[in-house]
A.B. asks: 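Got a structure for you, questions after.
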Amino acid sequence: MNGDTAAQAPTGTDHSAQGGAGLPSPRSPGSPLSWRERLARHGYRARPTGTLTERLVPPMPDGPGVTEPGVPQSPVLLRLGITLPQGLWYFLCRWSGWLGPIAVAVFAGLLRFTNLGQPHAIIFDETYYAKDAYALWQGGYEINWPEDANTTIMTPGAAVPYRSTASYVVHPPVGKWIIGAGEQLFGMNPFGWRFAVALLGTLSVLMLARIARRMFRSTLLGCVAGLLLSVDGLHLVLSRTALLDLVVMFWMLAAFGFLLLDRDHTRGRLAARLGGVADPARAQRLNLGWRPYRIAAGVCVGLTCATKWSGLYVAAAFGVLTVLWDVGARRLAGAPRPYLAVLARDVVPAFVSVVVVSVTVYLASWWGWFASSNAPGRGGWGRDWAVGRSTDYPWIPEGLRALWHYHSTVYEFHTHLTDPHTYQSNPWSWLVLGRPVSFYYESPKFGQDGCTVSDCAREVLGIGTPLLWWTAVLALVYCLWRWAFRRDWRAGALLCGLAAGYLPWFLYQQRTIFLFYAVVFVPFLVLAVTMLIGALIGPAGASRDRRIIGSATAGLLVLLIMWNFLYFFPLFTGQTIPLEDWRARMWFNSWI
């Protein structure tokens with residue numbers, strides 16, 4: 001095994017190191033080793049040769065314009081004696097890039113929507129977001145609720161105790177608008193306030209399958225990534241709970257997907273304008289043109305920030321990522337000073353697309369608060385703050401000044417939230433699932449809630465599928481090596497997404513934070529595991545025995561992860577199980 005084992009296109013060309021430097025020049029005897037030669041001792045490999053177009057935009061494995069009408073039948077099916085009509089086989093091959101991910105998403109949807117209304121209760125922080133979502137759709141801003149509001153809401157036939165007195169809240173409104181959409185469709189009940197989040201959780205599986213397919217140029221690995229995300233426990237629990245973090249994850253993943261589309265689209269345009277031949281002068285001065293996918297990414301970044309402020313780090317990380325991708329494209333096209341070219345021609349459009357667009361979207365998300373009355377006690381919280389108040393900036397509209405004051409108080413809240421909580425955890429422990437969060441727990445006795453023994457447990461535990469997460473720790477080490485020594489942009493991209501969702505929490509270790517915040521970067525953990533699985537399978541040009549052994553190992557790993565998911569499934573969905581079975585699943589004391 002030569003180590004060059006990432007997923008590859010059907011041609012067998014390894015596209016893992018695109019954008020890297022060329023081969024080092026010959027060294028005279030006795031001269032010091034170059035940095036490339038020193039890295040080569042640890043596995044560094046320069047980019048492969050090939051046409052400029054192939055290096056800028058590796059071919060997709062299948063799809064319209066790629067799959068040939070005469071594509072041969074699967075050898076596996078032929079060995080089983082199964083021969084499909086050639087027209088049907090061509091259709092399946094041509095559209096497998098959509099059919100496979102959609103099938104995985106349907107599976108994920110069944111897991112997320114089945115018995116979605118159970119537990120039939122307001123669990124964990126649903127007590128805030130379900131009610132805030134309802135208030136937004138009724139009056140455009142959050143309100144104070146009566147102390148017995150939860151009991152009234154859960155009483156069949158009782159009217160929702162809505163009133164118009166504004167409440168101070170510390171999260172932007174987009175996630176709550178989305179939760180409220182489900183309530184408008186299905187009522188103020190557990191299924192209603194969980195519906196929209198479950199839908200986004202299902203769609204995120206489809207998105208990740210398509211993203212992984214594009215990154216690794218493999219429909220198989222795309223489907224593996226979608227399958228792994230669908231069976232992650234934390235993702236499942238958050239998809240079945242009306243909290244904001246799954247919504248943050250959805251928009252962050254969508255932004256990443258659009259940037260990936262922009263990368264391929266822009267590189268394809270660059271290759272076309274250069275006629276498939278490196279041209280230093282033109283590569284240095286060419287404008288990369290209209291980039292709608294990057295603008296769409298900016299919209300998604302804005303929606304991320306407008307759900308939770310942690311999206312600010314996503315904006316910074318993805319802004320840097322798209323600029324570095326442009327540097328790599330221009331360097332590969334032959335630009336002698338790619339950073340200067342990007343600084344002159346690409347940085348300003350990138351800033352507008354990611355930052356200006358996201359700020360605009362964020363401000364627009366507060367339209368309900370802006371539209372509320374600025375009369376004292378009549379609108380959203382703090383809406384009247386700037387009315388009649390002197391200022392050194394009278395040219396700023398009073399609504400924006402009031403919103404700025406509101407945000408300054410929210411910042412103080414977030415940075416000084418240190419109240420201890422039973423289930424709080426430190427981000428150092430997240431990747432190994434040190435301290436999960438119990439969203440809901442009951443102890444049914446015999447004859448209650450399906451309990452068939454003397455003592456039972458019924459819990460919704462916010463924890464990832466252990467084997468998947470522990471494998472991800474190893475996969476991240478592999479991706480770090482891949483990024484550092486093979487110059488693999490895919491490893492760098494997924495590590496960037498992970499860093500944007502994870503590393504900022506280390507700045508707030510004194511703050512009260514929880515493991516379920518980690519759902520934001522779960523897709524990037526899954527991408528890391530998928531990349532490791534691609535390495536296990538081996539390159540297209542490997543020997544038959546190597547591929548068989550690698551594929552069997554990868555398949556066994558996926559099966560073990562799925563078994564682990566099924567074992568913990570009752571804890572993800574709040575099913576009633578014997579107390580002894582519950583104890584058997586508490587592998588560590590910190591999980592209790």
Side-chain angles (χ1 to χ4, degrees), residues 107-108 111-112 124 201 204-205 208 224-241 243 245-246 249 422-441 457-479 494 498 501-502 505 513-533 536 553-575 577-592:
F107 170 71
L111 293 175
R112 282 147 182 77
F124 202 61
S204 68
V205 171
L208 185 69
V224 167
L227 179 63
L228 293 178
L229 185 61
S230 69
V231 297
D232 175 62
L234 190 62
H235 189 275
L236 178 65
V237 170
L238 270 295
S239 295
R240 295 172 58 91
T241 312
L243 270 63
D245 303 271
L246 193 285
M249 182 280 303
T422 303
Y423 293 107
Q424 71 183 67
S425 60
N426 190 285
W428 286 105
S429 70
W430 287 0
L431 291 181
V432 294
L433 304 175
R435 181 58 171 164
V437 181
S438 181
F439 284 26
Y440 173 86
Y441 185 87
R458 189 182 183 202
E459 182 174 29
V460 176
L461 186 66
I463 186 173
T465 301
L467 185 56
L468 174 60
W469 282 60
W470 297 339
T471 302
V473 174
L474 299 177
L476 290 175
V477 175
Y478 169 72
C479 289
L494 67 89
L498 174 72
Y502 184 30
W505 292 111
I513 53 180
F514 304 91
L515 172 66
F516 67 83
Y517 296 171
V519 74
V520 171
F521 60 78
V522 165
F524 300 97
L525 293 181
V526 169
L527 286 174
V529 174
T530 304
M531 192 166 185
L532 178 63
I533 288 173
L536 291 174
T553 305
L556 179 61
L557 175 60
V558 173
L559 288 176
L560 288 174
I561 290 172
M562 294 189 69
W563 166 83
N564 196 221
F565 168 77
L566 292 174
Y567 181 70
F568 282 91
F569 186 73
L571 301 187
F572 300 147
T573 54
Q575 297 181 14
I577 59 176
L579 184 60
E580 289 304 313
D581 290 352
W582 176 84
R583 286 173 177 162
R585 289 163 172 80
M586 297 295 106
W587 289 355
F588 303 97
N589 291 334
S590 64
W591 289 9
I592 300 175

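The figures here come from the full heavy-atom set of this structure, side chains too, leaving out hydrogens, waters and symmetry mates. Sequential numbering from 1 along the given sequence is applied to the chain's residues.
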A.B. asks: Parallel, tilted or perpendicular: which one describes the rings of Y567 and W563, with boundaries at 30° and 60°?
C.D. replies: parallel

A.B. asks: Roughly how far, to the nearest 0.5 Å, is CH2 of W582 from CD1 of I577?
C.D. replies: 9.0 Å

A.B. asks: Looking at CZ of F521 and CG of L494, how far apart are the two atoms once the value is rounded to the nearest 0.5 Å?
C.D. replies: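 Result: 13.0 Å between the selected atoms.
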
A.B. asks: Testing the 3.5 Å rule here: is there a donor-acceptor pair between the side chains of H235 and S204?
C.D. replies: yes

A.B. asks: Do any N or O atoms from the side chain of R458 and from the backbone of Y441 form a donor-acceptor pair under 3.5 angstrom?
C.D. replies: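 No, because the side chain of R458 does not come within donor-acceptor range (under 3.5 Å) of the backbone of Y441.
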
A.B. asks: Nearest heavy-atom pair of F514 and Y423: which atoms, and what distance?
C.D. replies: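 Looking at all heavy atoms of both residues, the shortest contact is CD2-O, 3.5 Å.
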
A.B. asks: Validate the cation-pi geometry between R240 and F572: distance from NZ or CZ to the six-membered ring centre under 6.0 Å, angle to the ring axis within 45°.
C.D. replies: no

A.B. asks: Not counting sequence neighbours, which residues clear ring pair (Phe, Tyr, Trp, His ring centres under 6.0 Å) with Y440? List them please.
C.D. replies: none

A.B. asks: Let me check something: any side-chain donor-acceptor pairs from residues 460-476 under 3.5 Å, sequence neighbours excluded? List them with distances.
C.D. replies:
| residue | atom | partner | partner atom | Å |
| --- | --- | --- | --- | --- |
| T465 | OG1 | V231 | O | 2.6 |
| T465 | OG1 | G233 | N | 2.9 |
| W469 | NE1 | D232 | OD1 | 2.7 |
| W470 | NE1 | V432 | O | 3.2 |
| T471 | OG1 | L467 | O | 2.7 |

A.B. asks: Would you please indicate if the ring centroids of F568 and W587 are separated by under 6.0 Å?
C.D. replies: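 They qualify: ring centres under 6.0 Å apart.
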
A.B. asks: For the side chain of R112 and the backbone of A108, is there at least one donor-acceptor N/O pair under 3.5 Å apart?
C.D. replies: yes

A.B. asks: Between W430 and Y517, how do the two ring planes meet: parallel, tilted or perpendicular, split at 30° and 60°?
C.D. replies: perpendicular

A.B. asks: So, does R435 use its side chain to make a donor-acceptor pair with the main chain of S590 at under 3.5 Å?
C.D. replies: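 Looks like yes, one N/O pair under 3.5 Å.
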
A.B. asks: With no hydrogens and no angle check, is any side-chain donor or acceptor of S429 less than 3.5 Å from a backbone partner on N426?
C.D. replies: yes

A.B. asks: Using the ring-ring contact (aromatic ring centres under 6.0 Å, His included) rule, take F439 and F516 through it: C-alpha gap first, then chi angles, then the decisive distance, then the call.
C.D. replies: CA-CA 10 Å; F439 284 26; F516 67 83; 5.6 Å; yes

